[in-house]
Amino acid sequence: MKLKRSKSTLVSLLFLAASVSLLAQVGLAVKQEDFKTSEQVAFYQRHRAFADGVAKEGQLLGKSISASQTASPYSVLQDSVYLDGHTLVASVQHGADKVPLKLNVSFLEHGIVRIRGQEANPLKPRFDDTQKHVLRDGGANLKYASADSLSLTSEVINGQTVHVVAFKDANSTASFRMTERPWSVEYVLNNKPSILLNSKGLFHFEHLRERPGADGEVDGEADGAWEETFRTWKDTKPRGPESFGLDINFSGFEHVYGIPEHASPLSLKSTRGDKDAYSQPYRLYNLDVFEHDLDSPMALYGSIPFMVAHNAESTVGVFWLNAAETWIDVTRDKSSTLGNLFRLGTGSKEPSVSTHWISESGVMDIFLLPGPSTADLYRQYAELVEQTPLPRSFALGYHQCRWNYLDQADVLAVNDKLQEHGIPYDVIWLDIEHTDGKRYFTWDSGKFPDPVAMQQKLAYNGHQLVNVVDPHIKRDTEYPIWKEANDSGYFVKNREGTDNFQGWCWPGDSSWVDYLNPEAAAWISKQFHLDKYNGSTPNLFVWNDMNEPSVFNGPEITMDKDIKHHGGWEHRDLHNIFGMLYHKATADGLRTRESPAKRPFVLSRAYFAGSQRYGAVWTGDNAANWEHLRASIPMVLSNNVAGMHFVGADVGGFFGNPTPELMTRWYQLGIWYPFFRAHAHIDTKRREPWVFGEPYLTHIRDAIRERYRLLPYWYTLFREASLTGMPLVRPMWMEFPKETSMFAEDASFMVGSAILVVPATDADTSTPIDVRLPAQENWYDMRTHAAYVGPLKRQFALDLATTLVFARGGSIVPTRERQRGSSELMRRDPITLYVYVSQTGTATGKLYLDDGESYNYQSGAFIERDLSFANAKLTSRPSPHTVSSPEQVDFLAAMSKVRVERIVVVGMRNALTNAAVVENGQTRNIALTYAGSKVDSECVIRDPAVLVGNDWEILLS
Ligand code: NOJ
């Protein structure tokens with residue numbers, strides 16, 4: 001069953017109601033026919049035909065094709081290549097169509113290479129503002145390599161001219177090589193050609209052209225180039241064909257990851273060639289896919305065109321900066337690497353992954369990221385799109401949501417019940433029914449007579465409220481938001497550009513604000529200000545849903561591609577950033593509603609590269625079944641791989657009613673996702689934690705409390721991400737880059753570098769769970785503190801109370817152990833440190849604290865400690881980021897009573913008896929205790945009473 005989008009109001013609404021009530025009773029199945037397959041996408045098909053032609057011709061040329069032998073018709077024009085400062089310039093031309101393309105290859109710091117291409121003399125401009133909305137500072141301040149560090153040499157090898165740019169200072173084992181005939185590129189890393197472009201000859205650039213005459217085709221125009229129909233929708237394609245495609249090959253790699261959002265395994269499957277390959281390419285096109293499939297490359301709500309390849313030696317990445325619909329084919333070539341000019345004849349047999357990227361419009365703009373370590377790769381990526389900023393600290397707590405909490409009394413009852421059951425939570429959420437007829441920024445005054453009083457009541461114990469504010473604006477002349485936007489001309493326009501675009505969504509007939517128009521974006525931001533948003537308080541935060549955008553009666557449940565945005569651009573050019581532009585405008589509004597500014601919290605469903613700057617996202621509408629529980633792991637990991645760190649999945653599963661066992665397991669997993677929210681469809685039964693009774697209530701409460709205990713660790717991880725770009729939750733390969741057997745692992749994962757989570761994702765508790773503890777390291781069961789030595793494969797029995805979570809030897813994990821009702825109430829609580837000792841008796845960790853809401857941390861108002869344990873001595877030192885400033889002094893004063901109240905050292909073999917605590921030049925001795933310790937090798941320093949903000953050391957003897 002599926003929401004039917006009909007053009008008639010009545011029919012639409014009837015269908016909506018019917019589908020809503022049927023949802024919980026039927027099995028899930030996506031309505032495939034609502035969404036295009038690649039066979040129904042003309043530009044993809046044109047590239048497919050081109051690629052098949054090239055492959056065929058290649059076969060005619062000889063079995064072992066290489067870059068110099070592919071049938072690619074594109075060549076570098078003679079004498080067109082030169083190095084201009086940090087940019088290598090070349091003209092490339094198709095042998096037959098003779099339209100020169102300008103390629104600019106820019107060399108950035110840290111070995112990042114940017115390749116941009118479009119017509120040398122375009123008939124009209126291509127959409128090139130994606131960079132403005134995605135790159136750091138709009139791309140204006142990218143750090144380029146200095147011209148002196150680059151040198152260009154051109155040589156003839158086997159009759160083929162090759163231009164080589166070498167990096168003099170940075171990395172002498174890397175070079176960038178471009179061959180002329182046909183055009184191809186090799187990014188040589190560590191003396192190995194690693195990222196190859198057009199080595200399969202699939203580069204194909206549909207240059208802009210005049211519309212063919214009325215009497216027929218020009219130049220054999222392919223089908224669908226100037227008009228395309230999908231079911232009842234026609235795409236008028238006023239600009240004609242303007243797509244481009246390129247093969248990007250990762251030589252020496254077997255695994256590629258990223259390019260969310262898809263409900264597919266972490267290690268991306270082939271889409272052609274292999275017997276278990278998907279039958280469709282991966283698609284990036286933000287869509288509201290109702291009851292989406294699992295194990296599928298179908299497009300979902302978000303799109304991040306960032307792919308990462310990893311092998312035991314290195315991690316590299318490709319960022320394809322384009323906001324139009326994009327398809328990516330993945331094939332594997334296990335026998336030999338094609339297109340390697342430099343290994344020709346060596347008989348080398350290396351695996352490789354070939355990918356073929358095809359975008360519908362815009363400028364070709366690709367970044368190659370050389371790694372080689374994961375840390376290097378994420379520093380490079382963050383250099384381009386920025387890091388995840390520090391969120392509001394409450395946002396890391398537990399979020400209690402459902403569609404819908406009925407009214408004010410219901411909200412307060414849920415708040416009371418959670419407190420009564422000793423369940424900490426931070427935020428309660430209101431879905432669309434809280435509004436007056438789906439007019440966002442309003443309240444249903446019958447149900448919510450006094451929203452301010454309600455928020456104040458919640459705030460009393462540190463709880464926040466989140467309201468959904470969707471992007472569709474009800475067409476209602478009495479609705480001030482619609483009226484103002486209409487009067488100011490802020491709406492997206494129809495295809496003729498003459499009137500507002502209209503479509504159907506929750507409120508019925510709606511229009512959408514055009515965030516591409518900076519004035520309109522600034523206007524919508526202001527609507528979130530306290531004086532504009534009636535009934536809002538500083539404790540109200542926002543949820544942007546349906547922002548792909550979801551248009552019930554549009555093609556593929558979204559906007560027509562040919563409708564017009566600010567500047568005359570078609571929706572097709574910017575579809576994948578539309579949701580992000582709204583996310584940004586919302587976050588800007590919340591940030592600027594108070595002075596001094598406070599950090600916003602906004603959850604968005606649609607997203608793109610760069611969305612991490614504006615808040616969190618979730619994986620969308622999942623279902624209450626074990627398959628969806630399992631699928632959430634690779635989905636959350638893939639987002640983290642692609643730099644979208646603050647992500648979670650609806651705990652419990654959105655559609656359907658979870659069994660108590662599923663609900664329990666979902667909480668036990670959900671606490672390990674960066675964004676932790678329970679949510680449910682309107683037609684499901686109530687399922688707040690206490691609904692299931694015992695023993696489930698206890699298990700669920702224990703899980704949520706575990707999340708709260710570890711909030712200092714989570715916040716410190718966010719701090720790390722905000723500085724380094726490193727993911728929060730990490731696939732095993734990221735932490736164990738040489739453990740080849742774990743490269744495809746996506747049933748277990750790491751939270752930061754210290755915690756390994758092996759979730760139970762099955763109803764069965766009688767069968768033990770297989771656990772692999774990698775590397776030659778100590779691992780400690782976080783619950784029992786039992787120690788294990790890796791590498792180890794073992795089965796663990798599991799009852800419903802248990803989650804398998806292991807601390808990695810060598811880590812120090814900060815916690816707060818006192819149970820409170822919300823994270824805000826824990827702000828000044830003392831810290832407990834867990835020191836999990838490595839095989840060499842050492843451990844390191846960090847602790848980061850700030851006020852959790854302001855931007856004062858940017859001027860030093862934080863405590864950041866480097867913690868280290870060696871030779872039985874634990875030391876706390878300020879991190880190198882620490883700066884002294886008046887703000888820092890104030891913050892230290894505010895935290896002057898926050899101490900470390902307990903230190904648990906796990907894994908010390910010697911029987912120690914004393915801790916000598918040195919702080920402020922004074923030494924005091926504390927007897928160590930073993931009372932209450934879980935295992936023999938664990939000792940506890942009770943109340944060392946050292947301050948979190950001070951330097952100190954503690955020597956055990
Ligand atoms: C779709 C969202 O994905 C879901 O989370 C929400 O509850 C409904 N829209 C209603 O707003």
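On a predicted model such as this, the values are computed, not experimentally measured, just so you know. One-based numbering, in listed order, for ligands and for the atoms of each.
The side chain to side chain contact (heavy atoms under 4.5 Å, CB included) test applied to Glu433 returns Trp403, Asn404, Lys438, Lys447, Ile682, not counting sequence neighbours. Shown here are the ring-ring contact (aromatic ring centres under 6.0 Å, His included) partners of Tyr425, two or more places apart in sequence or in another chain: His463. Applying the ring-ring contact (aromatic ring centres under 6.0 Å, His included) rule to Phe692 yields no partners; only residues at least two apart in sequence or on another chain are considered.
If you look at ligand 1, the protein residues with a non-hydrogen atom under 4.0 Å away are Trp403, Asp431, Ile432, Trp506, Trp543, Asp545, Met546, Arg605, Trp618, Asp621, Phe654, His679.
Geometrically, Arg593 engages Phe541 in a cation-pi contact defined by less than 6.0 Å to the ring centre and at most 45° from the axis. The side-chain tip of Lys561 points at the ring of Tyr285 from less than 6.0 angstrom away and within 45° of straight on.
Between Glu33 and Arg231 there is no salt bridge, since no side-chain nitrogen of the basic residue lies less than 4.0 Å from a carboxylate oxygen of the acidic one.
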